[in-house]
Engineer: 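One structure coming up, written as structure tokens, with questions to follow.
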Amino acid sequence: QVKLVESGGGLVQAGGSLRVSCAASQGTFSGRAMAWFRQAPGKEREFVAAISWSTTITYYADSAKGRFSISRDNAKNTVYLEMNSLKPEDTAVYYCAAGKGPYESRFRDAYDYWGQGTQVTVSS
């Protein structure tokens, strides 16, 4: 069992930056890819970024590429998402996910543990 807790969300101005974190309150991230998804009101949950277990290969949605950066600290069982140049359209609940295996993926089905999410709101 892996229990995930996100933190760091909040209200920021457009163009600003924010870092959200995901920590394991139970279990570890060992052997698992990790990812961030987000969901805006009335929309489907969408992939944002992922990072593999051993090689730390990263993968980003086009909307995040060049602005967001995912990283992990395996010793701390923590995953981060640095968000820069934020836009109002980035407003969403951001969810952390732990993968079923070590490989990064854009697909929700590749992840079997999810956090409760943290709200990120970007004002114009």
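We count residues from 1, following the sequence as given. Hydrogens, waters and symmetry mates play no part in the numbers below; they use all other heavy atoms, side chains included.
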Engineer: Does Glu46 have any side-chain contact (heavy atoms from CB on, under 4.5 Å) partners at least two apart in sequence or in another chain, and if so, which?
Structural biologist: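 Testing Glu46 for side-chain contact (heavy atoms from CB on, under 4.5 Å), a comparison that skips the adjacent residues, returns Arg38.
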Engineer: List the residues meeting side-chain hydrogen bond (donor to acceptor under 3.5 Å, both in side chains) with Asn77, not counting sequence neighbours, and say none if there are none.
Structural biologist: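 For Asn77 there are no side-chain hydrogen bond (donor to acceptor under 3.5 Å, both in side chains) partners, ignoring immediate neighbours.
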Engineer: Once ring pair (Phe, Tyr, Trp, His ring centres under 6.0 Å) is applied, do any residues pair with Tyr80, and if so which ones, sequence neighbours excluded?
Structural biologist: none
Engineer: With rounding to the nearest 0.5 angstrom, report the OG to CG distance, Ser63 to Asp90.
Structural biologist: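 It comes to 7.0 Å.
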Engineer: Scan the side chains in residues 96-106 for donor-acceptor partners under 3.5 Å anywhere in the protein, sequence neighbours excluded, and list what turns up.
Structural biologist:
residue, atom, partner, partner atom, Å
Lys100, NZ, Asp109, O, 2.9
Ser105, OG, Phe107, N, 3.1

Engineer: For Asp73, check salt bridge (charged side-chain N to carboxylate O under 4.0 Å, His left out) against everything at least two apart and list the hits.
Structural biologist: none
Engineer: Kindly write out the residues that satisfy salt bridge (charged side-chain N to carboxylate O under 4.0 Å, His left out) with Lys65, not counting sequence neighbours, or none if the list is empty.
Structural biologist: Asp62
Engineer: Apart from Val20 itself, what residues make up its hydrophobic cluster when side-chain heavy atoms of I, L, V, M, F, W and Y under 4.5 Å apart count as a link, directly or indirectly?
Structural biologist: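 In the cluster with Val20 are Val2, Leu4, Val12, Leu18, Phe29, Met34, Trp36, Val48, Ile51, Tyr60, Phe68, Ile70, Val79, Leu81, Met83, Leu86, Tyr94, Tyr113, Val120, Val122.
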Engineer: For residues Tyr59 and Phe47, report the shortest heavy-atom separation together with the two atoms involved.
Structural biologist: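 Nearest heavy atoms, Tyr59 then Phe47: O-CZ, 3.4 Å.
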Engineer: Using the side-chain contact (heavy atoms from CB on, under 4.5 Å) criterion, which residues pair with Gln13? Sequence neighbours excluded.
Structural biologist: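 Partners of Gln13 under the side-chain contact (heavy atoms from CB on, under 4.5 Å) test: Ser123.
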Engineer: Who pairs with Gln26 by side-chain contact (heavy atoms from CB on, under 4.5 Å), at least two apart in sequence or on another chain?
Structural biologist: Gln1, Lys3
Engineer: Checking Thr121 now: which residues fulfil side-chain contact (heavy atoms from CB on, under 4.5 Å) with it, not counting sequence neighbours?
Structural biologist: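 By the side-chain contact (heavy atoms from CB on, under 4.5 Å) rule, Thr121 matches Leu11, Thr91, Gln119.
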Engineer: Checking Thr55 now: which residues fulfil side-chain hydrogen bond (donor to acceptor under 3.5 Å, both in side chains) with it, not counting sequence neighbours?
Structural biologist: Ser52
Engineer: Do Arg45 side-chain atoms and Gln39 backbone N/O form a donor-acceptor pair below 3.5 Å?
Structural biologist: no
Engineer: Counting only N and O atoms by type, is there a donor-acceptor contact under 3.5 Å from the side chain of Ser30 to the main-chain atoms of Thr28?
Structural biologist: no
Engineer: Taking all atoms of both residues into account, what is the closest heavy-atom pair of Ala50 and Tyr111, and its distance?
Structural biologist: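 Where Ala50 meets Tyr111 most closely, the heavy atoms are CB-OH, 3.5 Å.
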Engineer: Do other residues, nucleotides or ligands put more than 12 heavy atoms under 6.0 Å from the CD atom of Gln116?
Structural biologist: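 Check fails, neighbour count at 12 or below.
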Engineer: In chain order, what residues pass the ring pair (Phe, Tyr, Trp, His ring centres under 6.0 Å) check against Trp53, with sequence neighbours excluded?
Structural biologist: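 Listed in chain order: nothing, the list is empty.
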